[in-house]
There are 2 protein chains.
Amino acid sequence: MKPRITLKKIASEFGVSISTVSKALKGSHEISEEVRERIQAYADYYNYKPNNLALQLRNQKTSVIGVIIPEIVHHFFSTVIDGIEHYANQKGYNVMVCVSNESYEKEVLNFNVLTNGSVDGLIVSVARETQENQKFDHFKSLTKDEFPLVLFDRIIDEINCDKVVIDDVGGGYKAANHLMEVGAKRIALITTEDYVTVGSLRKQGYLKALKNKGITIDESLIYYIDDSKNLYQQIEKVINVPNPPDAILAVNEIYAANALIIAKERGLSIPNDIAIIGFTSGLISEFTSPPLTCVEQHGYLMGEQAAELLINRIENTAPKDFQKEVISTNLKIRKSTFIDG
Amino acid sequence: MKPRITLKKIASEFGVSISTVSKALKGSHEISEEVRERIQAYADYYNYKPNNLALQLRNQKTSVIGVIIPEIVHHFFSTVIDGIEHYANQKGYNVMVCVSNESYEKEVLNFNVLTNGSVDGLIVSVARETQENQKFDHFKSLTKDEFPLVLFDRIIDEINCDKVVIDDVGGGYKAANHLMEVGAKRIALITTEDYVTVGSLRKQGYLKALKNKGITIDESLIYYIDDSKNLYQQIEKVINVPNPPDAILAVNEIYAANALIIAKERGLSIPNDIAIIGFTSGLISEFTSPPLTCVEQHGYLMGEQAAELLINRIENTAPKDFQKEVISTNLKIRKSTFIDG
DNA sequence: CTGTTAGCGCGTTCAT
DNA sequence: ATGAACGCGCTAACAG
C-alpha cells in the first residue's frame with residue numbers, strides 16, 4: 001500500500017510549515033487566499049484526508065462504540081446491532097463488533113482489546129458462560145473507572161450501569177394468558193436453564209399468569225433445555241408422552257418450531273389438539289405450517305435505545321443515575337394458537 | 001470516566017523518566033530489578049494498559065479489519081462476518097463492521113471513515129444501488145493506492161483486488177439438474193433483477209443446465225422480482241396461472257418459502273404437483289412444511305477465506321497477482337423436491 | 001499572514 | 001542502569 005499523504009509532506013512540498021498547511025486546509029482566514037488555494041488544490045489532487053488515529057489521539061476521543069455480543073449469527077442480536085449502528089451513525093459514531101461466542105475467556109479478551117483506548121464506550125450482552133459462573137470482575141473494574149457501559153438483554157443486576165431489557169416477564173405473561181384465553185388447560189413451558197436470565201424471566205411471567213387464574217403449577221410441565229445437547233430429542237419428551245399438554249409456550253423460536261414439527265409428526269392438529277407459541281427472533285415463525293404465534297421482541301428499538309443511553313453517557317448529557325429501559329413486547333397472533341373464524 | 005493511567009503519570013510518581021517506565025514494564029534487563037518490580041507493582045495496581053491509539057499511530061498499524069456489508073440482519077451476511085471474525089481474531093486482528101444499507105451514499109461514507117487510518121484493510125460486499133448505477137470510483141481510488149481490499153459475494157469484475165465468490169453458476173446448474181432428475185419438465189425461475197450479480201449468475205446456471213439437456217428456454221417461465229415491491233403478489237403470478245410450472249427454482253430462501261406457501265394455498269401438492277428449491281441463507285428452509293431442498297452457500301467459509309486473503313495482502317505474504325477464490329455449493333435435498341422411498 | 005512550540009501516549013535509539 | 005530526544009500525524013495557543 002502506498003503511503004498516505006500527510007500534512008508534513010505537503011508542507012515540505014510547498015516549503016511552508018505544517019501548521020500553515022493545516023490551517024489552509026481548514027479554510028482558515030489567517031492564510032492568504034493564494035497560498036490556501038494552491039495547497040487545497042494539491043491536497044485534493046493527492047486525495048488528502050486527515051489521519052483518524054492522529055485525530056483520535058489528539059482529541060482523546062475515538063467516536064467508536066464497541067459492541068460485544070454472544071453470537072452474531074442470530075437474528076435477534078443482528079437486529080440489535082442494526083439499531084445500534086443506525087443511531088450511532090446518526091450521531092457520528094462508528095461501531096466495532098466483537099463476538100464472545102458465549103465464552104467467558106473470549107469476552108474478557110474482547111474487553112481488554114476494546115477498553116484500551118479504541119472505543120469511547122461499550123455495549124454488551126453477557127456471554128452464557130459468564131452468567132453461569134457469575135464471574136463479573138471485568139465488568140466491575142470497568143464501572144469502577146466510570147467507563148461508559150450499557151448492558152442489554154442479558155444483563156447483570158449487581159453491575160452499576162445503564163441497561164436495556166426486554167420485558168421478558170410481561171412477554172411470558174401475555175403469552176400464557178393468550179393460551180388460556182384460547183382454552184388451554186395444561187400449558188407446558190419449554191425454557192432454558194435458569195441461569196440464562198431471559199429464560200428465567202419468561203418463566204416468571206408464565207408462572208404469574210397461571211397463578212393469577214388460580215391454576216396450581218404442575219412442575220412436570222416445565223422442561224429445561226440444555227442447548228449443548230440434541231434439541232429434537234429433548235423436545236420430543238414434551239410431546240411424546242401418554243397425556244400431552246394442550247398448549248406449549250416456548251421461550252424462543254427454535255424451540256417452538258421444533259415443537260410444532262414434532263407435534264405434527266405425532267399426528268396432533270394445531271391449534272386444535274395443541275396450541276404453540278414462541279418468542280420470535282427470526283423469520284422462521286412466519287413460514288412454518290401453520291405459522292407460529294409469537295411474542296415479538298423489537299431488537300432494533302433495543303439497539304437504538306442502548307446506543308442512545310451510551311452516547312448520552314459518553315457525552316455527559318445523561319442524568320447521573322443509571323437508567324434501566326424496558327422494551328415492551330407484543331403478541332403476534334398467528335394460526336398456531338388461534339383460527340380466525 | 002476517570003482518566004486512564006499513562007506512562008507519564010507513573011514516571012512522575014516515581015520521579016523517573018518515561019522511557020525507564022516503558023522499559024521496566026516490558027521487562028527490559030536494562031532496568032534494575034528493584035526499580036522494575038516497584039514500577040510493575042504500581043502499574044498492576046492501577047491496571048495500566050498501553051493506549052492502543054498511541055501504539056497504532058506509532059506502529060502505523062491498527063490490526064483492525066473493516067467490513068462493509070449491505071445488511072446485517074441477514075443470515076448469510078452475518079455468517080460471513082462470523083467467519084471473518086473467527087479468522088481475524090486468530091491472527092490478532094479485530095473487526096469493525098459497517099452497514100451500507102444497500103445505499104451508494106452510505107457505502108461511500110463508510111469508505112471515507114474506514115480508510116482514514118482506522119483499519120489496515122477492507123472487506124466489502126457491494127451495495128445494490130452501487131451495482132445498479134455502476135459507480136465504482138471509490139473502489140478505484142482505493143486500488144490505485146494499493147489499499148488492501150477484498151470483495152466478496154457481490155463483486156465488481158473491473159476492480160483489481162482479491163475476491164471471494166460463491167459458485168453461483170454451479171449452484172443454479174446443480175439445482176436445475178436436480179429438478180430435472182426428479183422429473184420436472186417446466187421449471188420456473190424466480191430471480192432478482194439482472195444487475196444483482198448473484199441472481200444473474202444463478203440464472204446462467206439454470207440456463208446452462210436446461211440447454212445441456214436440449215430444452216429450449218421458455219422466457220415466460222423466468223420471473224424477475226423487484227425487492228422494493230410486494231413479494232407475495234409478485235410470486236403469486238408464478239403459480240396462480242392457468243398452467244403452473246411443475247418446478248420452481250428460486251434464487252433465495254425467502255422467494256422459495258413464499259412460493260411454497262402460495263403453492264399450498266392453491267392446493268398443489270409438494271413435490272408431486274410442484275417441486276421447489278431455493279438457495280438457503282437461513283433457517284427457514286428447515287422448518288417449512290415440507291422442508292425445502294436448497295443450495296447451501298457456506299458463508300462462514302467465505303468469511304474465513306476473505307479474511308485470509310486480506311490479511312495475507314496486509315502482511316505482504318500474498319502472491320502479487322490478485323486471487324479469486326470460488327466457494328463451491330452443495331445441494332441439501334429435503335422433501336420439497338424428493339420423497340425418499 | 002506565517003511559524004514555533006507543545007502535547008496527545010508510546011517505543012526506540014543513542015547518550016551518559 | 002537511566003534519561004533525553006525523536007517521531008508517528010495532527011491541532012491549537014501563542015509569537016512574530
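By convention in this document, chain letters (A, B, ...) are assigned in the order of the sequence lines, proteins followed by strands, and residues within each chain are numbered from 1.
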Determine the contact category for [X]: base if any of its heavy atoms lies under 4.0 Å from a base atom, sugar-phosphate if only primed atoms, P, OP1 or OP2 are that close, otherwise nothing.
X: B/Tyr48; answer: sugar-phosphate
X: A/Lys23; answer: base
X: B/Ser22; answer: base
X: B/Glu30; answer: base

Whole angstroms only, please: what is the [atom1]-[atom2] distance between [X] and [N]?
X: A/Ile31; N: D/dA12; atom1: CD1; atom2: C1'; answer: 13 Å
X: B/Asn52; N: C/dC8; atom1: CG; atom2: P; answer: 18 Å
X: A/Lys26; N: C/dT2; atom1: NZ; atom2: P; answer: 18 Å
X: A/Tyr46; N: D/dG9; atom1: OH; atom2: P; answer: 18 Å
X: A/Ile10; N: D/dG9; atom1: CD1; atom2: P; answer: 12 Å
X: A/Ile39; N: C/dT2; atom1: CD1; atom2: C1'; answer: 10 Å
X: B/Lys49; N: C/dG9; atom1: NZ; atom2: C1'; answer: 16 Å
X: A/Asn59; N: C/dA6; atom1: CG; atom2: P; answer: 21 Å

Kindly point out which of [options] is positioned nearest to the side chain of [X]?
X: A/Ala54; options: D/dG9, D/dT2, D/dT11; value: D/dG9
X: B/Asn51; options: D/dC8, C/dT2, C/dC10; value: C/dC10
X: A/Leu7; options: C/dC10, D/dG3, D/dT11; value: D/dT11
X: A/Ser19; options: D/dA12, C/dC10, D/dA4; value: D/dA12

- [ ] For B/Arg58 and for B/Val16, locate the closest nucleotide of DNA chain D by heavy-atom distance; then report the residue assigned to the nucleotide nearer the 5' terminus.
- [x] B/Val16
TODO: By nearest nucleotide on DNA chain D, pick out whichever of B/Gly15 and A/Leu53 is the more 5' one.
DONE: B/Gly15
Would you say [X] reaches [N]'s phosphate, i.e. side-chain N/O to OP1/OP2 under 4.0 Å?
X: A/Ser32; N: C/dT2; value: yes
X: A/Gln60; N: C/dG9; value: yes
X: B/Ser17; N: D/dG3; value: yes
X: A/Lys8; N: D/dC10; value: no

Task: Salt bridge A/Lys140-A/Glu158, side-chain N to carboxylate O under 4.0 Å - done: yes
Open item on the list: Looking at B/Arg128 and B/Glu71, is there a salt bridge between them, counting it only when a charged N and a carboxylate O are closer than 4.0 Å?
Closed with: no
Open item on the list: Please report whether the ring centroid of A/Phe139 lies less than 6.0 Å from that of A/Phe111.
Closed with: yes
Open item on the list: In terms of relative ring orientation, are B/His138 and B/Tyr104 parallel, tilted or perpendicular, with 30° and 60° separating the classes?
Closed with: perpendicular
Open item on the list: So does A/Ser100 get a backbone contact from the side chain of A/Glu107, meaning a donor-acceptor N/O pair under 3.5 Å?
Closed with: no
Open item on the list: Determine whether a donor-acceptor pair (N or O, by modelled atom type, separation under 3.5 Å) exists between the side chain of A/Ser118 and the backbone of A/Leu114.
Closed with: no
- [ ] Give me the bend of the helix from C/dC1-D/dG16 to C/dT16-D/dA1, using the axes of the five pairs at each end, rounded to 10°.
- [x] 60°
- [ ] Supply the atom-to-atom distance B/Lys9 NZ to B/Ser12 OG, rounded to the nearest 0.5 angstrom.
- [x] 9.0 Å
Open item on the list: If only side-chain N and O atoms count, and only distance matters, is there a donor-acceptor pair under 3.5 Å linking B/Lys106 with A/Asn89?
Closed with: yes
